[in-house]
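Here's the structure, in structure tokens; my notes come after.
Start at 1 and go down the list; that is how both ligands and their atoms are numbered. Numbering starts at 1 and runs along the sequence shown. Below, all heavy atoms of this structure are taken into account, side chains as well, without hydrogens, waters or symmetry copies.
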Amino acid sequence: MKTLLIYSSRTGNTKKVAEAIGETLQVTPVPVEENPSPDDFDLIVAGYWVDRGSADGQMKAYLSRIMGKKVALFATLGAEPDSEHAAKCLENGAALLGAGSEVVGKFICQGKVAPEMVDMMKKMFPAGHPHAMTPERLARIERAASHPDAADLAAAQEYFGNLRKAILA
Ligand SMILES: Cc1cc2nc3c(=O)[nH]c(=O)nc-3n(C[C@H](O)[C@H](O)[C@H](O)COP(=O)(O)O)c2cc1C
């Protein structure tokens with residue numbers, strides 16, 4: 001089965017996860033900027049950083065070009081990976097896929113939020129605004145700061161190792 005492992009990463013979190021998955025699947029991760037043709041592959045493993053509840057712009061465009069393929073998605077985000085928000089961020093990515101594509105797996109873990117993003121949110125959103133920097137939000141950002149950690153990378157490897165076995169079975 002010819003596998004493409006493609007990812008987009010702004011600050012390196014998703015790249016780290018992609019590299020861990022690449023070790024397990026024994027494929028070299030390809031940055032989305034290289035723009036490989038999805039048509040040349042049977043399985044596409046596509047990873048993105050979550051941008052406002054969905055895939056970032058570059059991966060959004062790429063996902064919509066994938067037609068009639070088996071696709072496994074992975075992502076990193078600032079919020080808790082077991083939150084409704086996280087589930088929605090994966091669903092939103094899946095909804096972007098081109099006609100006939102089938103989602104065969106989904107994995108998500110936390111990734112530290114860039115400090116400039118935190119500063120920007122503090123400046124842009126005053127108290128009371130839905131995106132204002134509340135103590136809960138700050139605590140979440142602090143929890144994300146150590147991710148992806150070794151346990152996240154191990155979980156990604158386990159997930160994709162099992163997925164490969166299931167697909168090849
Ligand atoms: C512009 C912007 C928008 C973001 N939107 C979200 C979001 O909607 N939900 C969330 O949980 N995290 C959000 N994040 C946090 C990133 O998804 C997270 O830090 C991710 O791990 C970054 O991955 P990267 O290092 O591969 O670029 C956002 C970050 C930025 C910079």
Checklist entry - Which atoms of ligand 1 are found less than 4.0 Å from any heavy atom of Gly78? => result 10 (C), 11 (O), 12 (N), 15 (C), 18 (C)
Item to check | Worked verdict on Glu91 versus Lys88 for salt bridge (charged side-chain N to carboxylate O under 4.0 Å, His left out) | outcome: CA-CA 5 Å; Glu91 274 170 37; Lys88 193 79 195 141; 3.7 Å; yes
Item to check | Parallel, tilted or perpendicular: ring planes of His129 versus His131, cut at 30 and 60 degrees | outcome: tilted
Item to check | Same apolar cluster (I L V M F W Y, side chains within < 4.5 Å links), Leu43/Leu5 | outcome: yes
Checklist outcome for this item: When distances are taken from atom 19 (O) of ligand 1, the protein heavy atom at minimum range is Lys112 O, 2.8 Å
Next on the checklist: Under 3.5 Å between any N/O of Cys89 and any N/O of ligand 1: does that happen in this structure?
Outcome noted: no
Checklist entry - What atoms of ligand 1 come within less than 4.0 Å of a heavy atom belonging to His85? => result 7 (C), 8 (O), 9 (N), 10 (C), 11 (O)
Checklist entry - Can an N or O of Lys15 be found at a distance shorter than 3.5 Å from an N or O of ligand 1? => result no
Checklist entry - Among protein heavy atoms, which sits nearest to atom 4 (C) of ligand 1, and what does the distance come to when rounded to 0.1 Å? => result Val50 O, 3.4 Å
Checklist entry - Asp51 heavy atoms, cut-off 4.0 Å: which ligand 1 atoms fall inside? => result 1 (C), 2 (C), 3 (C), 4 (C), 5 (N)
Item to check | ligand 1 contact by Gln110, heavy-atom criterion under 4.0 angstrom | outcome: no
Checklist entry - Near Glu84 CD, under 6.0 Å, is it more than 12 heavy atoms from other residues, nucleotides or ligands? => result no
Checklist entry - Between the side chain of Ser101 and the main-chain N/O of Ile66, is any donor-acceptor distance below 3.5 Å? => result yes
Next on the checklist: Among all protein heavy atoms in this structure, tell me which lies nearest to atom 20 (C) of ligand 1, with the distance rounded to 0.1 Å.
Outcome noted: Thr76 OG1, 3.3 Å
Checklist entry - Has the side chain of Asn13 got a donor or acceptor atom that lies under 3.5 Å from a matching backbone atom of Thr76? => result no
Item to check | Closest non-hydrogen atom pair, Ala94 against Leu73 | outcome: N-CD1, 3.5 Å
Next on the checklist: Out of all atoms in ligand 1, which are within 4.0 Å of some heavy atom of Arg10? Include the element for each.
Outcome noted: 24 (P), 26 (O), 27 (O), 31 (C)
Item to check | N or O pair under 3.5 Å between Met117 and ligand 1 | outcome: no
Item to check | Which of the ligand 1 atoms, numbered from 1, are nearer than 4.0 Å to a heavy atom of Gly53 | outcome: 7 (C), 8 (O)
Checklist entry - Would Ala114 count as a contact of ligand 1 if the rule is a heavy atom under 4.0 Å away? => result no
Checklist entry - Considering only heavy atoms of Thr11, which atoms of ligand 1 have at least one such atom less than 4.0 Å away? => result 24 (P), 25 (O), 27 (O)
Checklist entry - Do any N or O atoms from the side chain of Arg140 and from the backbone of Glu80 form a donor-acceptor pair under 3.5 angstrom? => result no
Checklist outcome for this item: of all protein heavy atoms, closest to atom 11 (O) of ligand 1 is Ala79 N, 2.9 Å
Item to check | pair Thr3-Phe41: side-chain heavy atoms closer than 4.5 Å | outcome: no
Item to check | Per-atom contacts of ligand 1 with Arg52, taking only distances under 4.0 Å to non-hydrogen atoms | outcome: 3 (C), 4 (C), 5 (N), 6 (C), 7 (C), 8 (O)
Item to check | Contact atoms of ligand 1, heavy-atom distance to Asn13 under 4.0 Å | outcome: 19 (O), 20 (C), 21 (O), 22 (C), 23 (O), 24 (P), 25 (O), 26 (O)
Checklist entry - Under 3.5 Å between some N or O of ligand 1 and some N or O of Trp49? => result no
Checklist entry - So which protein heavy atom does atom 18 (C) of ligand 1 come closest to, and at what separation? => result Gly111 O, 3.6 Å
Next on the checklist: Is it the case that the side chain of Lys70 and the backbone of Asp42 share a donor-acceptor pair, with hydrogens and angles ignored and the cut-off at 3.5 Å?
Outcome noted: no
Checklist entry - Hey, any chance Leu90 and Tyr159 share a hydrophobic cluster, counting ILVMFWY side chains that come within less than 4.5 Å of each other, even indirectly? => result no
Item to check | Check: Ser8 N/O within less than 3.5 Å of ligand 1 N/O | outcome: no
Item to check | Validation row: Leu168, Met1 side chains within 4.5 angstrom (heavy atoms) | outcome: yes
